[in-house]
Engineer: 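This is the structure I have questions about; it appears just below.
FYI, side chains are in, hydrogens and waters are out, and symmetry mates aren't considered; it's all heavy atoms of this structure.
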Amino acid sequence: MNNVKLQAFCLLVEFKKLAPVAKELGLTAPTVSFHIRSIEEEYGIRLFRTNAGGYRLTEAGEGLYHYARQIVQLQKDMNRFVENLLAGNIGSIRLGASGLPAHIFMPDIIHQISTTYPDIRISLEVKTAPEIEQMVALQELDFGLIMETKQENSSLVYETIGEDELVLALSPTHELAAKKDISKADVLKNKVLLHTSSSSTNHFIEKWMDPFHPSIYTIELDSVSTIKKMLTFGKTIAFLSVAFIEDELKSGLLIKKDLYDVTLNRKIQLIYSKSRLETKMDSFVKAAIYDLAKQ
């Protein structure tokens, strides 16, 4: 199938209207429409429903989009590989990380790459662990650093580079601050702040609280900074990595309670595609991550 057809299809899923797709590809709207009809005729399926909101995928279209997106991305990767090959060391590296690994590792890794390869274009996506897994699997990212999700993708390599332990963070003025041994019952009597952008953290918290129902007692926030500020009021608690609250612990704004429970230990994982052709740059990035993990 003509790759331009697949590009038009994937862009129409994104833009939902013909005009912006035509502009993106340097085509006319009727040509884009022709490409979509051509795919439908080739496979004997209907890809879209149309309404006032634009083009919407049918169930068959959803299935085809899953594969078309990967084919288009592989074509881009191949083109990028050839361009980089012809240009020497000039190229790009696309990194992804979930919240904690982004905080701990990415500043140093990006610094090392940019220092050793000053002409390399570097990009970083910070999203939830499942989102990073999906992007690496689709080869939209070259490498990812995530907290384990317990749902490994069979197309990816997972390498454990370290561990992190969640602690209970709270204000020294909180009623639990003076309590030596904190139980699950103690936790469930309080409002627990959850980081909505950290699905892996929430997975472990819910596992730890089982068989209780934490949703009744939680407040969901999408910012770690907001969570830390809320904790200083002394009315809430949160499960956080020590790496996120180092400054607050040093200043005395917050304290931590170690719960000594192995179910709150999480692996930090480096992920990349099994089908990836390893380059000199890849070897450098992996070595930099391994070295940082040992420190």
Engineer: Minimum heavy-atom separation for Q73 to R94, with atom names?
Structural biologist: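 Closest approach of Q73 to R94, heavy atoms only: NE2-NH1, 3.3 Å.
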Engineer: What's the shortest heavy-atom distance between F9 and G61, and which atoms?
Structural biologist: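 For F9 and G61, the tightest heavy-atom pair comes out as CZ-O, 3.7 Å.
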Engineer: Is there side-chain contact between I255 and L170, with heavy atoms separated by less than 4.5 Å?
Structural biologist: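 A side-chain contact exists here, since the closest heavy-atom pair is under 4.5 Å.
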Engineer: Do side-chain atoms of D291 reach the backbone of A288 as a donor and acceptor pair under 3.5 angstrom?
Structural biologist: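 No, because the side chain of D291 does not come within donor-acceptor range (under 3.5 Å) of the backbone of A288.
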Engineer: Please tell me whether L57 and Y43 are part of a single hydrophobic cluster in this structure, the criterion being side-chain heavy atoms less than 4.5 Å apart.
Structural biologist: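 Same hydrophobic cluster.
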Engineer: If you define the side chain from C-beta out and look only at heavy atoms, does anything of E175 sit under 4.5 Å from N190?
Structural biologist: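 Yes, their side chains come closer than 4.5 Å.
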Engineer: Honestly curious: do I271 and I122 fall in one hydrophobic cluster under the side-chain, below-4.5 Å linking rule?
Structural biologist: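 The answer is no; the residues belong to distinct hydrophobic clusters.
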Engineer: Could you tell me whether the side chain of H35 reaches within less than 4.5 Å of the side chain of V4, counting heavy atoms only?
Structural biologist: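 V4 reaches H35 side chain to side chain.
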Engineer: Examine I161 and L124 and state if one hydrophobic cluster contains both, with Ile, Leu, Val, Met, Phe, Trp and Tyr joined whenever side-chain heavy atoms are less than 4.5 Å apart.
Structural biologist: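 Same cluster.
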Engineer: Is the closest basic N to carboxylate O distance between K228 and D247 below 4.0 Å?
Structural biologist: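 Answer for the salt bridge query: no.
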Engineer: At what distance, to the nearest 0.5 angstrom, does CZ of R266 lie from CD1 of I146?
Structural biologist: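 Going from the CZ atom of R266 to the CD1 atom of I146 covers 11.5 Å.
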Engineer: Taking atom types as modelled, is there a side-chain donor on K127 or S98 under 3.5 Å from an acceptor on the other?
Structural biologist: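 Not at all, the side chains of K127 and S98 share no donor-acceptor pair under 3.5 Å.
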Engineer: If you measure from CD on E40 to OG1 on T58, what distance do you get to the nearest 0.5 Å?
Structural biologist: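 Here the interatomic distance stands at 8.0 Å.
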Engineer: Side-chain donor-acceptor pairs under 3.5 Å in residues 11-27, sequence neighbours left out?
Structural biologist:
none

Engineer: Begin from the C-alpha positions of R37 and E42 and carry the test side-chain contact (heavy atoms from CB on, under 4.5 Å) through to its verdict.
Structural biologist: CA-CA 8 Å; R37 289 197 307 273; E42 182 170 346; over 6 Å; no
Engineer: side-chain contact (heavy atoms from CB on, under 4.5 Å), that's the test. Do K179 and K257 meet it? Break it down for me.
Structural biologist: CA-CA 9 Å; K179 191 174 177 61; K257 295 288 185 177; 5.5 Å; no
Engineer: In Å, rounded to the nearest 0.5 Å, how long is the span from CZ of F284 to CD1 of I109?
Structural biologist: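 Answer rounded to 0.5 Å: 10.0 Å.
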Engineer: Starting at CD1 of I227, measure out to CD of E220 and round the result to the nearest 0.5 Å.
Structural biologist: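 Reported to 0.5 Å precision, the distance equals 10.0 Å.
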Engineer: Would you say the ring centers of F48 and Y65 fall short of 6.0 Å from each other?
Structural biologist: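 So the answer is no for these two rings.
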Engineer: Yes or no on salt bridge (Lys or Arg N to Asp or Glu O under 4.0 Å) for D282 and K280, after CA distance, side-chain angles and deciding distance?
Structural biologist: CA-CA 5 Å; D282 289 358; K280 184 179 179 181; over 6 Å; no
Engineer: Check L168 against I182 and note the closest heavy-atom contact, atom names and distance.
Structural biologist: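 Nearest pair, atom of L168 first, then I182: CD2-CD1, 3.9 Å.
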Engineer: With a 4.5 Å cut-off on side-chain heavy atoms, are E163 and I268 touching?
Structural biologist: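 SC-SC contact between I268 and E163 ruled out.
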Engineer: Would you please say whether a donor-acceptor pair under 3.5 Å links the side chains of E159 and Y290?
Structural biologist: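 Result is yes, a qualifying pair exists.
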Engineer: Applying side-chain contact (heavy atoms from CB on, under 4.5 Å), run through I39 and L64 and close with a yes or a no.
Structural biologist: CA-CA 10 Å; I39 297 174; L64 192 66; 3.7 Å; yes
Engineer: Between H66 and E62, does any side-chain donor sit less than 3.5 Å from a side-chain acceptor?
Structural biologist: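 Checked: H66/E62 side chains show no N/O donor-acceptor pair below 3.5 Å.
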Engineer: Looking only at heavy atoms, what is the nearest atom pair of L100 and M147, with distance?
Structural biologist: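 In terms of heavy atoms, the two residues are closest at CD2-SD, 3.8 Å.
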Engineer: Within the 4.5 Å heavy-atom criterion, are I93 and I113 side-chain neighbours or not?
Structural biologist: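 I93 vs I113: side chains touch.
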Engineer: L156, I132: one ILVMFWY side-chain cluster at the under-4.5 Å cut-off?
Structural biologist: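 Yes, L156 connects to I132 through the hydrophobic network.
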Engineer: Side chains of Q112 and Y117: any donor to acceptor distance under 3.5 Å?
Structural biologist: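 Not at all, the side chains of Y117 and Q112 share no donor-acceptor pair under 3.5 Å.
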Engineer: Just wondering, do D77 and N79 contact through their side chains at under 4.5 Å, heavy atoms?
Structural biologist: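 No. Closest side-chain heavy atoms not under 4.5 Å.
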Engineer: With a 4.5 Å cut-off on side-chain heavy atoms, are L47 and I45 touching?
Structural biologist: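 Result yes, sub-4.5 Å side-chain heavy-atom pair found.
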Engineer: Could you tell me if the side chain of P101 sits less than 4.5 Å from the side chain of M106, heavy atoms only?
Structural biologist: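 Not touching, per the 4.5 Å side-chain cut-off.
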Engineer: Ignoring hydrogens and geometry, is there a side-chain-to-backbone donor-acceptor pair from S223 to S225 under 3.5 Å?
Structural biologist: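 Checked: pair present.
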Engineer: If we count only N and O atoms by modelled type, under 3.5 Å, do the side chains of Y272 and K286 hold a donor and an acceptor together?
Structural biologist: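 Present: a donor and an acceptor within the cut-off.
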Engineer: What pair of heavy atoms forms the shortest contact from A102 to P107, and how long is it?
Structural biologist: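 Scanning both residues, the minimum pair turns out to be O-CD, 3.3 Å.
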Engineer: Donor-acceptor pairs are to be reported for all side-chain atoms of residues 231-245 against protein atoms at under 3.5 Å, with residues two or more places apart or in another chain.
Structural biologist:
| from | atom 1 | to | atom 2 | distance (Å) |
| --- | --- | --- | --- | --- |
| T232 | OG1 | K229 | O | 2.5 |
| S241 | OG | D164 | OD1 | 2.8 |
| S241 | OG | A243 | N | 3.2 |

Engineer: Determine, using the 4.5 Å side-chain heavy-atom cutoff (strictly less than), whether Y158 and L141 are members of one ILVMFWY cluster.
Structural biologist: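 Shared cluster, yes.
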Engineer: Which heavy-atom pair separates A137 from S155 by the least distance, and what is that distance?
Structural biologist: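 Residues A137 and S155, closest heavy atoms: CB-OG, 3.7 Å.
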Engineer: Report, as yes or no, whether the 6.0 Å neighbourhood of atom CD on E59 holds more than 12 heavy atoms from other residues, nucleotides or ligands.
Structural biologist: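 Atom CD in E59 is not packed in, count stays at 12 or less.
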Engineer: Would you say E131 and T128 are linked by a side-chain donor-acceptor pair, where the criterion is simply a distance under 3.5 Å?
Structural biologist: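 The answer is yes; a qualifying pair exists.
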Engineer: So does I110 get a backbone contact from the side chain of S114, meaning a donor-acceptor N/O pair under 3.5 Å?
Structural biologist: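 Side chain of S114 to backbone of I110, a donor-acceptor pair under 3.5 Å: yes, one is there.
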Engineer: Within this structure, what is the CG-CG distance for the pair L95 and L145, rounded to the nearest 0.5 Å?
Structural biologist: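 The CG atom of L95 sits 8.0 Å away from the CG atom of L145.
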Engineer: Think R276 forms a cation-pi with F143, using NZ or CZ under 6.0 Å from the six-ring centre and within 45 degrees of its axis?
Structural biologist: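 Satisfied, under 6.0 Å and within 45°.
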Engineer: Could you measure the distance from the CG atom of L74 to the CD atom of Q139? Nearest 0.5 Å is fine.
Structural biologist: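 Nearest 0.5 Å value for the CG-CD distance: 5.0 Å.
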